[in-house]
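In the text below, chain A, chain B and the rest are named by the order of the sequence lines, each starting its count at 1.
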Amino acid sequence: MLDRNQLRRDPAAVRDALKVRNFHFDLERFAALEAARRGHQEQTEALQAERNARSKAIGRAKASGADITPLIAEVGDLGRRLETARQQFTAVQAELDGFLEAVPNLPDASVPPGADERDNVELRSWGERPAFDFQPKDHVDLAGAALDSEAAVKIAGSRFVVLAGAVARLHRALTQFMLDIHTQEHGYEEVYVPYLVNAESLKGTGQLPKFEDEQFAVSGDERYYLIPTAETPVTNLVRGEILDAADLPRRYVAHTPCFRREVGSYGKDTRGIFRQHQFEKVELVQIVEPGQSWQALDALTGHAEAILRRLELPYRAVALCGGDLGFSAAKTIDLEVWLPGQGQYREISSCSNFLDFQARRMMARYRDQASGRPHLVHTLNGSGLAVGRALIAVLENYQDGEQQVAIPTALRPYMGGALRLELARGG
RNA sequence: GGAGGGGUGGCUGAGUGGUCUAAAGCGCUGGUCUUGAAAACCAGAGGGGUUUACCGCCCCCCAGGGUUCGAAUCCCUGCCCCUCCGCCA
């Protein structure tokens with residue numbers, strides 16, 4: 001949610017800023033709603049003040065033993081008028097809230113212009129892409145029987161997978177490795193969180209109300225949603241809280257499955273496990289003071305990059321252009337890992353600064369030492385990393401041409417010291 | 001699933017229709033005193049909205065409805081917590 005004061009002060013600037021992400025901000029509609037809101041609010045509060053004063057007077061008269069019938073008669077239809085005013089106010093307020101909840105965050109000035117991912121800007125790259133003297137296979141061919149899509153289709157449907165044996169273990173090893181590095185070396189606190197959340201939580205991080213059709217909802221007495229990312233439950237830890245400044249920054253890391261409908265991606269990335277309805281992710285979340293968030297974004301991105309470097313996987317960092325930017329983000333840096341099987345860099349992490357956009361929706365605040373007053377925090381998150389995609393990257397970058405895959409040095413302690421994956425030949 | 005008891009400020013906790021403008025205690029902040037601290041005494045302190053700002057006004061006693069001139073208090077619904085029983089990874 002954007003700052004209402006900023007919107008009232010300079011709506012045209014907001015409209016112009018949102019053009020960078022190709023969002024049309026309806027200035028006239030906002031002005032009309034805002035004017036109506038103001039009128040109805042003033043009227044409602046004036047009537048409330050009158051009611052309070054009269055009721056109090058009746059109370060005092062009664063206490064002194066006077067006859068209160070004439071006073072009650074004087075109140076007349078005040079109650080009905082107040083009820084009408086209140087209903088109008090509530091209605092216009094709800095409409096204004098609905099309008100504002102659908103407005104995305106303002107992109108930072110450093111966000112490059114552009115329509116889609118082709119306009120993203122490479123910031124840096126790291127590592128040597130492996131030079132194979134053979135035609136590299138993709139992860140599906142490499143994993144063979146250890147990656148069973150047919151079984152998954154039988155059990156669930158498309159965009160699910162069953163992993164087995166050494167590949168399943170590698171998947172777990174990657175998860176443990178990432179958690180250990182982030183907790184032991186990067187100063188994050190590990191948290192275990194619900195995988196089903198309520199609508200309020202999704203609203204807080206910005207997935208609702210606009211992206212209802214991208215979520216899996218669970219039917220039952222309570223309306224629950226499967227989390228699309230750990231960002232949702234973890235960031236909502238601070239929803240409605242007023243934190244001590246001394247408690248900031250908060251750095252959380254969580255490993256969770258993520259569930260996505262992938263409604264807009266029919267026919268896209270259908271081979272293998274690159275794009276699934278269910279996948280695992282190790283997520284980094286930071287809650288920081290407003291002055292610290294840009295620095296925190298660099299640090300957080302660096303923490304995700306550290307995993308790629310230790311796994312010795314070639315990658316590049318790109319700044320998302322305005323058109324590719326997510327709804328809540330002011331700025332996003334994607335990390336893209338080199339996948340020999342696809343011959344291209346693909347997203348494996350997305351690191352974003354949301355400034356106070358999520359915090360305002362969540363009313364997540366901290367008490368400023370100097371003023372003693374609550375202020376909105378800034379929130380950030382990033383994948384550190386997507387586990388399934390890291391699995392793809394390891395398989396494809398560490399293949400040796402003979403249906404063998406070496407295990408990255410950093411992962412060997414998590415694989416019982418093994419040097420290579422035990423993969424069924426020709427599987 | 002069954003039976004019962006509860007949700008009031010940072011915490012404990014009073015309040016069962018009208019100066020509630022929410023008691024009191026603890027804790028907190030500032031001051032007096034003191035070399036400093038403690039004690040004592042004095043004072044102060046919640047959140048949100050509206051407003052350029054101030055003053056003011058409005059809202060907030062779990063949440064949403066209702067009754068009433070007036071609701072922390074009465075009624076309905078929901079959520080959450082606690083105790084006991086049952087079931088359960």
- prompt: Could A:E34 and A:R37 be called an ion pair, given the rule that one side-chain N must be under 4.0 Å from one carboxylate O?
  reply: yes
Worksheet item: Have A:H277 and A:E262 got a donor and an acceptor in their side chains that come within less than 3.5 Å?
Response: no
Does either side chain, that of A:R309 or that of A:Y315, offer a donor lying less than 3.5 Å from an acceptor on the other one? yes
### Message
Between A:F259 and A:Y195 (judged by ring centroids, cut-off 6.0 Å), do the two rings come close enough to count as a pair?
### Response
no
Taking only side-chain N and O atoms of A:K56, does any of them lie within less than 4.0 angstrom of OP1 or OP2 on B:rU21? yes
Gap in Å between the two P atoms, one belonging to B:rG15 and one to B:rG6, rounded: 13 Å
Checking N1-N3 plus N6-O4 or O6-N4 for Watson-Crick, or N1-O2 and O6-N3 for wobble, each under 3.5 Å, the partner of B:rC26 is B:rG10
Rounded to whole Å, CG of A:L82 lies from P of B:rC69 at a distance of 13 Å
In 5'-to-3' order, the base (B), backbone-only (S) or no-contact (-) status of each nucleotide in nucleotides 46-52 of chain B, using a 4.0 angstrom heavy-atom cut-off, is -SSBSS-
OP1 or OP2 of B:rC59 under 4.0 Å from side-chain N/O of A:N52: yes
Applied to residues 59-100 of chain A, the ring pair (Phe, Tyr, Trp, His ring centres under 6.0 Å) test, sequence neighbours excluded, yields A:F25-A:F99
B:rC84 -> Watson-Crick or G-U wobble partner, both distances under 3.5 Å, gives B:rG2
From CD of A:Q88 across to C1' of B:rC58 the rounded distance in Å is 17 Å
Comparing A:K62 with A:E83, nearest RNA chain B nucleotide closer to 5' gives the residue A:K62
A:L71 CG to B:rU68 P, in whole Å, measures 19 Å
Please state the C1' separation for the pair B:rC87 and B:rG5 - nearest whole angstrom.
22 Å
In whole angstroms, the gap separating C1' of B:rC58 from CZ of A:R51 amounts to 10 Å
Rounded to whole Å, CG of A:L78 lies from C1' of B:rC69 at a distance of 9 Å
The Watson-Crick or G-U wobble partner of B:rA40, with both key distances under 3.5 Å, is B:rU32
Discussion item. Taking only the C1' atom of each, what is the distance from B:rG9 to B:rG48 in whole angstrom?
Written reply: 15 Å
Problem set entry | side-chain N/O A:R80 vs B:rC69 OP1/OP2, d < 4.0 Å | no
Subject >> Nearest-Å distance once atom P is located in both B:rA22 and B:rU73 >> reply: 16 Å
key: A:I333 vs A:V318, side chain to side chain contact (heavy atoms under 4.5 Å, CB included): CA-CA, chis, key distance, verdict   = CA-CA 6 Å; A:I333 294 169; A:V318 302; over 6 Å; no
### Message
Work out how far the P atom of B:rA45 is from that of B:rA39, and round it to whole angstrom.
### Response
22 Å
If we take the P atom in both B:rC80 and B:rU68, what is their distance in whole Å?
-> 32 Å
B:rA45 -> Watson-Crick or G-U wobble partner, both distances under 3.5 Å, gives none
Item to complete: For residues A:T256 and A:V193, determine if any side-chain heavy atom of one lies less than 4.5 Å from a side-chain heavy atom of the other.
Response: yes
Spacing of the C1' atoms in B:rC41 and B:rC33 (rounded, Å)
9 Å
- If you measure from the P atom in B:rG27 to the same atom in B:rU12, how many Å do you get, rounded? 15 Å
Side-chain donor-acceptor contacts of residues 197-204 of chain A below 3.5 Å, not counting sequence neighbours, with atom names and distances?
from, atom 1, to, atom 2, distance (Å)
A:N198, OD1, A:E200, N, 3.4
A:N198, OD1, A:S201, N, 3.0
A:N198, OD1, A:S201, OG, 3.2
A:S201, OG, A:R239, NH2, 2.9
A:K203, NZ, A:E101, OE2, 3.4

Between A:Q48 and A:A63, whichever has its closest RNA chain B nucleotide further toward 5' is A:A63
